[in-house]
Amino acid sequence: MAISTSQTIADGGLITKLSNFSVQETIERFEAAIKSKAAGGWIVFSRIDHAAAAKDAGLDMRPRTVIIFGNPRNGTPSMTRTATLAIDLPMKALVWQDDEDKVWLTYNSGEYSAREIYPRHGLAVTGDATATLEKFLADVSDLSTQ
């Protein structure tokens, strides 16, 4: 799938940014950006390397790595109230390479989380919390891709 070469694309709640780095370096930069916010409670939980899993199954796939990250200080109280929120959290970011060898970072916007994810579980998010999350995601994604 090829995407326009514009720097940032927003579609259906997904933010996709062109990276100036390789897949591996974008992953490392994203994880480092999250870990740099550890004082605020942010952590990297795990990675899922879809291309490696495909290779193990005898199939080919361009790089597609999901980074699972979040903030237990912020997410745990909501998950404690509503267990089903755990199907959608922690947050995820996808680092992937298209057919033209361009590298991209994709994640759900904070607004999408507030408008779609939390309400689906009967929860509301304040405008201030949404704005804070949007800024956090913009900052860590910019550090990862620029």
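The analysis underlying the following values was restricted to heavy atoms, covering all of them including side chains, and did not include hydrogens, waters or symmetry mates.
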Report, as yes or no, whether the 6.0 Å neighbourhood of atom CG on D101 holds more than 12 heavy atoms from other residues, nucleotides or ligands.
yes

Would you give the length of the straight line joining atom CZ of R29 to atom OG of S19, rounded to the nearest 0.5 angstrom?
7.5 Å

If you define the side chain from C-beta out and look only at heavy atoms, does anything of W96 sit under 4.5 Å from V103?
no

Is there a path from W104 to I68 through hydrophobic residues (I, L, V, M, F, W, Y) whose side chains come within less than 4.5 Å of each other?
yes

Minimum heavy-atom distance S144-A33, with the two atoms named
OG-CB, 4.4 Å

To the nearest 0.5 Å, how far apart are CD1 in I43 and CD1 in I34?
10.5 Å

Would L137 and I15 satisfy side-chain contact (heavy atoms from CB on, under 4.5 Å), going step by step from the backbone distance to the final call?
CA-CA 10 Å; L137 292 169; I15 305 294; over 6 Å; no

More than 12 heavy atoms of other residues, nucleotides or ligands under 6.0 Å from CD1 of I87: is that the case?
no

Do side-chain atoms of N71 reach the backbone of G40 as a donor and acceptor pair under 3.5 angstrom?
yes

Ionic contact status for D99 with R62, cut-off 4.0 Å
yes

Pairing residues for A53 by the side chain to side chain contact (heavy atoms under 4.5 Å, CB included) criterion, not counting sequence neighbours
none

Not counting sequence neighbours, which residues clear side chain to side chain donor-acceptor pair (under 3.5 Å) with T82? List them please.
none

What do the steps show when you test K92 against I48 for side-chain contact (heavy atoms from CB on, under 4.5 Å), and what is the final call?
CA-CA 10 Å; K92 294 167 258 335; I48 300 171; over 6 Å; no

Flag the pair N20 / T26 as yes when at least one side-chain heavy-atom distance between them is below 4.5 Å, and no otherwise.
no

Closest contact, heavy atoms only, G110 versus L133:
CA-CD2, 3.7 Å

Atom of F30, atom of A93 and distance for their closest heavy-atom approach:
CZ-CB, 3.7 Å

OG1 of T80 to CG of L85: how many Å apart, nearest 0.5 Å?
10.0 Å

Could you walk me through whether N108 and L14 pass side-chain contact (heavy atoms from CB on, under 4.5 Å), step by step?
CA-CA 5 Å; N108 284 326; L14 294 175; 3.3 Å; yes

Does E111 use its side chain to pair, donor to acceptor, with the backbone of T130 at less than 3.5 Å?
no

Is it true that the side chains of Y107 and S141 contain a donor and an acceptor less than 3.5 Å apart?
yes

Distance-only donor-acceptor check, side chains T145 and K17, under 3.5 Å
no

State the CG-CG distance between L123 and D88, to the nearest 0.5 angstrom.
10.5 Å

I'd like to know whether L89 forms a side-chain contact (heavy atoms from CB on, under 4.5 Å) with Y118, so could you lay out the CA-CA distance, the side-chain angles of the two residues, the decisive distance to 0.1 Å, and finally the verdict.
CA-CA 10 Å; L89 292 183; Y118 279 82; 3.2 Å; yes

For the residue pair E134 and S109, what are the closest heavy atoms and their distance?
OE2-CB, 3.6 Å

Minimal non-hydrogen separation, P77 against P72, with atom names
CD-O, 4.0 Å

Quick check against the 3.5 Å criterion: does R64 have a side-chain atom that pairs as donor or acceptor with the backbone of Q97?
yes

Can you list every pair that meets salt bridge (Lys or Arg N to Asp or Glu O under 4.0 Å) and has a residue in residues 30-46, with sequence neighbours left out?
E31-R47

Parallel under 30°, tilted from 30 to 60°, perpendicular over 60°: which one fits the rings of W42 and F136?
parallel

Same apolar cluster: F45 and V66, side chain cutoff 4.5 Å:
yes

Look at the side-chain heavy atoms of Ile, Leu, Val, Met, Phe, Trp and Tyr, link any pair under 4.5 Å apart, and say whether V23 and M61 land in one connected group.
no

